[in-house]
Amino acid sequence: MPGLRIDHDKCTECRMCYVACREIEINAVVVSPTAQHLLEIDERCTYPKCTVCLMYCPAEGSIVETGTGRSLVPPPAEVWTENRRWPRPA
Amino acid sequence: MNDSLENLGKSLAGELLKQSEQDASVTPMDAVLDAARAGKFTADQCFRLLACLWTLKRIMYYVYGGWAQGINLNEYPPAVAYLFGKQIYDESTQEMQFCDEILRQRWVRTQKQLFAHSYVKFGTATRTGAYIFCLRALANYPQNIRIAALNLGPKVIELAWTERFANALPDESLHALFQSQLAETRSHVLMGRFQVERFIQKVVDAQLAKRLCVETRRDYLFFLEETARFVLGMEAEKAGEVTVTADID
């Protein structure tokens with residue numbers, strides 16, 4: 001169960017989350033196979049271990065915690081740790 | 001615009017669409033589809049297919065980069081630049097989808113590994129290379145002519161085989177992938193028709209567009225043949241085996 005989801009009412013589809021997630025080789029942000037091709041976050045997401053997409057997202061409120069619905073953009077203070085901000089692949 | 005100029009664009013668009021639809025009725029990709037429907041499509045063959053398609057979409061950045069340099073301010077209404085921008089964005093989306101599916105299937109684990117894989121190598125002396133350089137060379141032509149050559153040529157063929165894949169592929173994720181691309185590719189064809197109808201107003205431009213469209217269609221069909229051969233594990237064509245019969249004049 002992914003810890004994050006994208007709120008499509010607020011997302012601008014800029015794809016920064018996609019690029020950042022590919023860069024650190026988690027690959028959890030994907031293009032949905034629907035005609036709209038919206039971005040989604042799948043089960044490969046390692047949140048709260050990794051928070052890299054939150055650091056690059058420019059659209060306030062567009063990435064939220066699945067369970068609580070809490071907005072994580074801009075990122076709250078507790079996710080601003082060195083390891084979570086840019087976790088290195090094993 | 002007077003009636004005769006408007007009719008020139010309309011009749012040209014109709015003619016190019018008709019020719020491309022004829023070419024699209026049977027393509028080498030049908031052999032791939034037949035294999036998939038017959039249950040003879042292995043995971044490796046599927047990887048090969050998506051790798052070839054990903055390579056082409058990826059290299060389209062190189063084509064569009066050259067084309068974008070040739071759009072002059074105020075040469076066309078803003079709608080033309082917008083539609084072109086949308087087309088680049090769509091191709092990028094489709095590229096991402098092919099990459100996503102390869103990673104999701106775990107044929108490679110990271111995008112970095114995918115870039116290094118032998119299946120996605122871009123060779124200049126290949127049919128893919130010939131097609132890409134053919135398109136890149138269109139950077140020297142005005143936007144109305146090159147959009148005619150691409151969007152009413154190869155895009156029509158791409159739409160046809162993608163539709164057949166979307167309708168008949170038994171694999172659910174592949175079916176969804178190709179199905180989701182139809183709206184975009186169809187809009188590129190419609191955009192091509194719009195541009196040709198509105199902005200090709202000289203007889204010489206119409207003749208040039210016809211000639212270039214024959215070339216792009218031919219090279220795209222060769223790309224499809226190369227892809228089908230690679231996917232199905234057939235021997236690559238030998239030098240001299242392929243003869244070009246298209247009458248480009």
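Proteins get letters first, then strands, A, B, ... in listed order; numbering begins at 1 in each.
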Exercise. Calculate, to the nearest 0.5 Å, the distance between atoms CD1 and CG belonging to A/Ile26 and B/Leu103 respectively.
Key: 13.0 Å
Quiz item: When rounded to the nearest 0.5 angstrom, what distance separates SG in A/Cys21 from CD in B/Gln111?
Solution: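 A/Cys21 SG to B/Gln111 CD: 10.5 Å, rounded to 0.5 Å.
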Quiz item: If you count the non-hydrogen atoms of other residues, nucleotides and ligands that lie under 6.0 Å from NZ in B/Lys112, is the total more than 12?
Solution: no
Quiz item: So with a 6.0 Å cut-off around CD of A/Glu78, is the heavy-atom count from everything else above 12?
Solution: yes
Self-check item: Among B/Gln113, B/Glu101, B/Arg104, residue most engaged with chain A (heavy-atom pairs, under 4.5 Å)
Solution: B/Arg104
Practice problem: State, yes or no, whether a side-chain contact exists between A/Val30 and B/Met96 at a heavy-atom distance under 4.5 Å. | Solution: no
Self-check item: Minimum side-chain heavy-atom gap B/Phe98-A/Val31 below 4.5 Å
Solution: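 A side-chain contact is absent here, since even the closest heavy-atom pair is not under 4.5 Å.
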Side chain, backbone, both or neither of [X] within contact of chain A (heavy atoms, under 4.5 Å):
X	value
B/Leu177	backbone
B/Tyr89	both
B/Ser173	neither
B/Glu184	side chain

Quiz item: salt bridge (charged side-chain N to carboxylate O under 4.0 Å, His left out) between A/Glu25 and B/Arg109: does it pass, once the steps are laid out?
Solution: CA-CA 8 Å; A/Glu25 300 179 351; B/Arg109 295 184 71 89; over 6 Å; no
Exercise. With chain A as the partner chain, list the residues of residues 29-55 of chain B whose heavy atoms fall under 4.5 Å from it, by residue number, and write 'none' if nothing qualifies.
Key: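 Interface residues of residues 29-55 of chain B: none, nothing closer than 4.5 Å to chain A.
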Determine the minimum heavy-atom distance between [X] and [Y], stating which atoms define it.
X	Y	result
B/Cys99	A/Arg22	SG-NE, 4.4 Å
A/Pro33	B/Ser180	C-CB, 3.4 Å
B/Thr110	A/Asn27	CA-ND2, 4.3 Å

Quiz item: Among side-chain atoms of A/His37 and B/Gln181, is any donor-acceptor pair under 3.5 angstrom?
Solution: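 Looking only at side-chain atoms, B/Gln181 and A/His37 do not form any donor-acceptor pair under 3.5 Å.
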Quiz item: Are a donor atom and an acceptor atom from the side chains of A/Arg15 and B/Thr93 found within less than 3.5 Å of each other?
Solution: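 There is such a pair between these side chains.
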